[in-house]
Amino acid sequence: MSEAQKLISWYNQQSYDFPWRQNINPYNIWISEIMLQQTQVKTVIPYYMNWMKHYPDIETLQKADINELLYLWQGLGYYSRAKNIHNAANIIFKKFNNKFPDNYKELITLPGIGDYTASMILSICFNKYDHVPIDGNIKRIMSRLNILSLKQETLQNYKISTRNYIDKEKPGDSIQALMDIGREICTPRLPKCDCCPIYKNCKAQMQGTMENYPVRKKKKHIPHYDIAVGLIWKENKFLISKRPQDKLLGNLWELPGGKLEPRESMQECLKREIKEELDIKIKKIKKIGLIKHQYSHMKLTITLFTCIYCSGTAKPLASQEVKWITMKEKKSFAFPRATHKLFELL
DNA sequence: CATTCGTGGTT
DNA sequence: TAACCAAGAAT
């Protein structure tokens, strides 16, 4: 029995029944694959269920409002994924006449779909053999099987080694089997080699050096910033502003404020930022509390103040949208996690 | 090719 | 508990 056949036979004995595997079609797999990018299965499941309830197909999705999509995406992270899905749905519906592309050339042109996702859709939905999806799980498995050095860890190398484990009749099942092994068995730490159907081929397992692969790159220093933000009240409403589309947390709403500059107090910072961004003046600044929040590439300490609107137009100089809303109305806007943490201080 | 994109789980 | 990591893509 070939290695690929061993995998298939192992896969058939397993029972990982995720919602996107219950009715396999390009739309379902596409949405699940986008959500699963750099995101754990456990986290994705409730978002996926909710998404399918609201947008069961491409036609429903393409005519949806991006703000609604973002609202459902709240808390998932990497928010440009929602924007990309929306744009891609429009392209599929209009340019491809609502027929999901079944070839690499067209798939790869869609926003948010890269080599991995295109190959995954082709393998699972269309049972195509000629494109091998390489993700973090498969990299880890192949790196351990072949004890690859940092220099050998190239996409092409991964694809070549992975081919040996793909059954020509059932490419989709082969890939899913590898993903399941990577997630459940060949884990980054404490891999469960006893349960692995292909452990006999694994050079790292022979040496007992599994955790050394894949080779870790040196970590980058993560900067830390202090931020001051304000709940600016006018009557019973406060001000929120929409973040620019193509930057961090694009299209999400937040409380106005900004980064502390050298030799500046937090209160001075808040006044300056609000003057710069919105051209308004405030009074009665009072500290509420602070939260810490970590992104992939920076750490923030955000101090929350309340204050009273004094004068000015509240016209955003940076040309992003602003709104005065009541506390009740805030639950119909999409905010990033950090802003939700700030609201919890109240 | 290195950075920039979030958030929550895990050790 | 700080560090690492998760079904990557875009720039």
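To find a chain, count down the sequence lines: A is the first, B the second, and so on, and within it residues start at 1.
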- prompt: Between A/Leu190 and A/Gln38, which is nearer to the 5' end of DNA chain B once each is assigned its nearest nucleotide?
  reply: A/Gln38

query: Which is true for A/Arg216 with a 4.0 Å heavy-atom rule: it touches a base, it touches only sugar-phosphate, or it touches nothing?
result: sugar-phosphate

message: What I want to check is whether the side chains of A/Arg21 and A/Gln176 have a donor and an acceptor closer together than 3.5 Å.
response: yes

message: Do A/Lys287 and A/Phe305 form a cation-pi contact, if we require the NZ or CZ to be under 6.0 Å from the six-membered ring centre and within 45 degrees of the ring's axis?
response: no

message: Please report the distance separating the P of B/dT3 from the corresponding atom of C/dA7, rounded so that it comes out in whole Å.
response: 24 Å

task: Return no unless some side-chain N or O of A/His297 is found under 4.0 Å from OP1 or OP2 of B/dC5.
output: yes

message: Nearest whole Å is fine: how far is B/dC5 C1' from A/His293 NE2?
response: 12 Å

- request: State, without any angle test, whether A/Gln152 and A/Ser149 hold a side-chain donor-acceptor pair at a distance under 3.5 Å.
  value: yes

task: Provide, to the nearest angstrom, the distance between the OH atom belonging to A/Tyr295 and the C1' atom belonging to B/dT3.
output: 17 Å

message: Once you apply a heavy-atom cut-off of 4.0 Å, does A/Arg243 come out as touching a base, just sugar-phosphate, or nothing?
response: nothing

- prompt: Between B/dA2 atom P and A/Glu153 atom CD, what is the distance in whole Å?
  reply: 13 Å

task: Could you tell me whether A/Pro111 contacts a base, only the sugar-phosphate backbone, or nothing, with contacts defined as non-hydrogen atoms closer than 4.0 Å?
output: sugar-phosphate

task: Would you mind classifying the nucleic acid contact of A/Met120 as base, sugar-phosphate or nothing, using non-hydrogen atoms under 4.0 angstrom?
output: nothing

- request: For nucleotides C/dA2 and B/dC5, find the distance between their C1' atoms and express it as a whole number of Å.
  value: 22 Å

message: Please report the distance, rounded to the nearest Å, between NZ in A/Lys192 and C1' in B/dT11.
response: 12 Å

- request: Give one of base, sugar-phosphate or nothing for A/Thr117, where a contact means two heavy atoms less than 4.0 Å apart.
  value: sugar-phosphate

field: Between B/dG6 and C/dC4 - C1' atom distance, rounded Å
entry: 15 Å

Whole-Å distance separating the CG atom of A/Leu36 from the P atom of B/dT7: 17 Å

message: So, OP1 or OP2 of B/dT4: does either fall under 4.0 Å of a side-chain N or O from A/Lys220?
response: yes

message: Can you confirm whether A/Tyr116 is buried at OH, in the sense that more than 12 heavy atoms of other residues, nucleotides or ligands lie under 6.0 Å from that atom?
response: yes

statement: Against the side chain of A/Lys42, the closest entry in B/dG6, B/dG8, B/dG9 is B/dG9

task: If the plane angle is over 60° it's perpendicular, under 30° parallel, otherwise tilted; pick one for A/His340 and A/Phe343.
output: perpendicular

- line: DNA chain C: first to last nucleotide in contact with chain A (atom under 4.0 angstrom from a heavy atom), 5' to 3', is C/dC4 to C/dA10

task: Tell me what A/Ile175 touches on the nucleic acid: a base, only sugar-phosphate, or nothing, going by heavy atoms under 4.0 Å.
output: nothing

task: Confirm from the modelled atom types if A/Thr43 and B/dG8 form a donor-acceptor pair under 3.5 Å, side chain to base only.
output: no

field: Atom-to-atom span, OH of A/Tyr78 to P of B/dT7 - whole angstrom
entry: 10 Å

message: Assess, by modelled atom type and distance only, whether the side chains of A/Asn137 and A/Arg140 contain a donor and an acceptor separated by less than 3.5 Å.
response: yes

task: Indicate, with a heavy-atom threshold strictly under 4.0 Å, whether A/Trp30 touches base, sugar-phosphate, or nothing.
output: nothing

- prompt: When A/Leu239 is tested against each of A/Ile280, A/Ile274, A/Leu255 for side chain to side chain contact (heavy atoms under 4.5 Å, CB included), which residue passes?
  reply: A/Ile280

field: Spacing of A/Glu184 atom CD relative to B/dT10 atom C1', expressed in whole Å
entry: 14 Å

- prompt: Can you check the A/Arg81 CZ to B/dT7 P distance for me, whole Å?
  reply: 11 Å

message: Quick check: on DNA chain C, is the nucleotide nearest A/Phe18 upstream (toward 5') of the one nearest A/Ile113, or the reverse? Name the residue that is more 5'.
response: A/Phe18

query: Checking A/Thr43 side chain against A/Thr39 main chain: does a donor-acceptor pair fall under 3.5 Å?
result: no

message: Under 4.0 Å, heavy atoms only, any strand: does A/Ile34 hit a base, just the sugar-phosphate, or nothing?
response: nothing

- prompt: What distance, rounded to whole Å, do you find between the two C1' atoms, one in B/dG8 and one in C/dT1?
  reply: 16 Å

query: NZ of A/Lys192: more than 12 outside heavy atoms within 6.0 angstrom?
result: yes

